[in-house]
*Asks:* 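After the structure tokens below, expect a handful of questions from me.
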Amino acid sequence: MARRESAERTERVEPVRGQVRVQGEVQASYPEVPPEALRGEVRRVTVVGEDVLHRRCRDVAEEEFGTPALARLIDDMFATMRVAEGAGLAANQIGVDLQLFVWDCFDEDGVRHVGHILNPVLDELPAGARRLIEAEEGCLSVPGPYAALARPDRAVVRGRDLDGRPLVVEGSGYFARCLQHEADHLGGGLYIDRLAARERRAALRRMEERKAEVFAGRAVRAEELAALRRASA
């Protein structure tokens, strides 16, 4: 999921001390640039229309948990998410058919959430616990446009971490939107699929108008991340 346009230049200025949750657990502080992003390699982000975005991803198999290959994939996803200015990124957004997404996202209270989850399942909330909130939403695989979309303001996702341990992640507000957006990706859906036909066409037109600018910005940020990696080596 793309970060909110109004927050793109302010969300990540400083580490938020005492207000960071990594893999759902409270941390006293966390680096502004996640360690995974410094280890990872930036990959190309897939774009609406590519087959891998429009079908359900396969489950992570038992023998894949804890492997170096899976750890490298998560690192690459963090690097790609940072360069693309994302709040979340699903594996199929870098062309990998796997039930996995990562996030680095602030909620409405200014709490930063960072993590990854494999084989995630989004809880079906009881009707009485659901409150729909309409807000602007964008997607790294639909580069450029944002559109208003109503989603529940709370989300609970259950899955496993890199090493196969059970993981439960809860979110509210914008982070809840991020969790739902990424879960949609792994099922083969995009946020524009939830829009009315006219709004979807308008979003795709805006994408065509803006995507060259978006891609150019990503190229610049890829160089910036490479420089940070060299400086930290």
Side-chain angles (χ1 to χ4, degrees), residues 1-5 43-60 73-74 77 80-81 84-105 113 115-125 127 129-160 167-208 210-211 214:
M1 186 168 86
R3 293 213 306 269
R4 289 173 287 195
E5 285 191 302
R43 302 204 197 181
R44 187 185 74 86
V45 177
T46 51
V47 178
V48 56
E50 297 186 42
D51 180 65
V52 71
L53 288 174
H54 301 283
R55 52 183 166 81
R56 186 185 186 280
C57 294
R58 71 169 181 86
D59 289 343
V60 179
L73 174 60
I74 291 171
M77 289 175 67
T80 305
M81 177 172 62
E85 292 193 319
L89 183 75
N92 57 354
Q93 290 185 274
I94 59 168
V96 178
D97 179 17
L98 207 62
Q99 287 281 327
L100 160 65
F101 68 78
V102 301
W103 63 88
D104 189 346
C105 179
H113 300 264
H116 68 269
I117 193 166
L118 299 100
N119 294 348
V121 177
L122 190 66
D123 277 8
E124 185 69 35
L125 297 177
R130 296 181 60 188
R131 186 168 70 101
L132 291 178
I133 298 293
E134 188 172 90
E136 293 284 293
E137 189 165 327
C139 179
L140 304 183
S141 292
V142 189
Y146 288 71
L149 182 65
R151 289 193 189 266
D153 69 343
R154 178 173 174 269
V156 179
V157 178
R158 303 174 191 274
R160 298 167 72 177
L167 177 64
V168 180
V169 180
E170 299 186 35
S172 61
Y174 188 66
F175 183 45
R177 180 174 295 271
C178 177
L179 294 174
Q180 294 168 79
H181 180 108
E182 302 310 326
D184 278 356
H185 270 304
L186 299 183
L190 300 171
Y191 88 98
I192 58 172
D193 297 333
R194 294 180 175 270
L195 302 176
R198 178 182 294 181
E199 294 170 332
R200 188 181 192 278
R201 289 193 298 269
L204 292 174
R205 283 196 301 271
R206 292 196 300 274
M207 181 189 79
E208 291 301 321
R210 291 198 55 194
K211 67 181 182 181
V214 172

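The structure presented is a predicted model; accordingly, all values stated were derived computationally and were not measured.
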*Asks:* Could you grab the distance from atom CD of Gln93 to atom CG of Leu186, nearest 0.5 Å is fine?
*Replies:* 8.5 Å

*Asks:* I need the minimum non-hydrogen distance between Arg158 and Ile117, along with the two atoms involved.
*Replies:* C-CD1, 3.9 Å

*Asks:* Is the backbone of Met1 close enough, under 3.5 Å, to the side chain of Glu182 for a donor and an acceptor to pair up by distance?
*Replies:*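 Side chain of Glu182 to backbone of Met1, a donor-acceptor pair under 3.5 Å: yes, one is there.
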
*Asks:* Checking Glu50 side chain against Val47 main chain: does a donor-acceptor pair fall under 3.5 Å?
*Replies:* yes

*Asks:* Hey, could you give me the CG/CG distance between Leu190 and Leu140, rounded to the nearest 0.5 Å?
*Replies:*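 With rounding to 0.5 Å, CG (Leu190) is 11.0 Å from CG (Leu140).
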
*Asks:* Going from CG on Leu73 to CD1 on Ile94, what distance comes out if it is rounded to the nearest 0.5 angstrom?
*Replies:*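 These two atoms lie 5.0 Å from each other.
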
*Asks:* Could you tell me whether a side-chain N or O of Thr46 sits under 3.5 Å from a main-chain N or O of Asn92, the two making a donor and an acceptor?
*Replies:*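 Such a contact is found between Thr46 side chain and Asn92 backbone.
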
*Asks:* Work out which heavy atom in Leu195 is nearest to a heavy atom in Arg200; give both atom names and the distance.
*Replies:* CB-N, 4.1 Å

*Asks:* Using 0.5 Å steps for rounding, measure from the CZ atom of Arg151 to the CG atom of Leu132.
*Replies:*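 One gets 10.5 Å once the value is rounded to the nearest 0.5 Å.
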
*Asks:* When you measure from the side chain of Arg44 to the backbone of Gly95, do you find a donor-acceptor pair of N or O atoms at a distance under 3.5 Å?
*Replies:* no

*Asks:* Using atom types as modelled and distance alone, determine if a side-chain donor or acceptor of Gln180 lies under 3.5 Å from a backbone N or O of Pro152.
*Replies:* yes

*Asks:* How long is the gap from CG on Asn119 to CG on Leu167, to the nearest 0.5 Å?
*Replies:* 11.5 Å

*Asks:* Among all residues two or more places apart in sequence or in another chain, which pass the side-chain hydrogen bond (donor to acceptor under 3.5 Å, both in side chains) test with His181?
*Replies:*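 Testing His181 for side-chain hydrogen bond (donor to acceptor under 3.5 Å, both in side chains), a comparison that skips the adjacent residues, returns Glu137, His185.
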
*Asks:* So Met77 and Val96, do their side chains get closer than 4.5 Å, heavy atoms only?
*Replies:* no

*Asks:* Taking atom CZ of Arg43 as the centre, does the number of heavy atoms from other residues, nucleotides or ligands within less than 6.0 Å exceed 12?
*Replies:*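 Buried by this count: over 12 neighbours within 6.0 Å.
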
*Asks:* Atom CG in Asp59, atom CZ in Arg160: separation rounded to 0.5 Å?
*Replies:*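 Going from CG on Asp59 over to CZ on Arg160, the span is 10.0 Å.
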
*Asks:* Checking Arg131 now: which residues fulfil side-chain hydrogen bond (donor to acceptor under 3.5 Å, both in side chains) with it, not counting sequence neighbours?
*Replies:* Asp153

*Asks:* What residues, two or more places apart in sequence or in another chain, satisfy ring pair (Phe, Tyr, Trp, His ring centres under 6.0 Å) together with His116?
*Replies:*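 Residues passing ring pair (Phe, Tyr, Trp, His ring centres under 6.0 Å) with His116: none at all.
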
*Asks:* Assign the ring pair His113 / Phe175 to parallel, tilted or perpendicular, where the plane angle (0 to 90°) is split at 30° and 60°.
*Replies:*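 Parallel, since the angle between the ring planes stays under 30°.
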
*Asks:* Specify the closest pair of heavy atoms between Asp97 and Cys57, including all atoms of both residues, with the distance to one decimal.
*Replies:* OD1-CA, 3.0 Å

*Asks:* Where is the tightest heavy-atom contact between Leu204 and Val48, given as atom of each residue plus distance?
*Replies:*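 That would be CD2-CG1, 3.9 Å.
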
*Asks:* Looking at every non-hydrogen atom in both residues, tell me the closest pair between Pro145 and Tyr191 and how far apart they are.
*Replies:* O-OH, 3.3 Å

*Asks:* Give the C-alpha distance, both sets of side-chain angles, the deciding distance and a yes or no for side-chain contact (heavy atoms from CB on, under 4.5 Å) between Leu149 and Glu134.
*Replies:* CA-CA 5 Å; Leu149 182 65; Glu134 188 172 90; 5.9 Å; no

*Asks:* If you take all heavy atoms of Tyr146 and Glu136, which pair is closest and at what distance?
*Replies:*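 Taking Tyr146 first and Glu136 second, the nearest heavy atoms are CB-OE1, 3.5 Å.
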
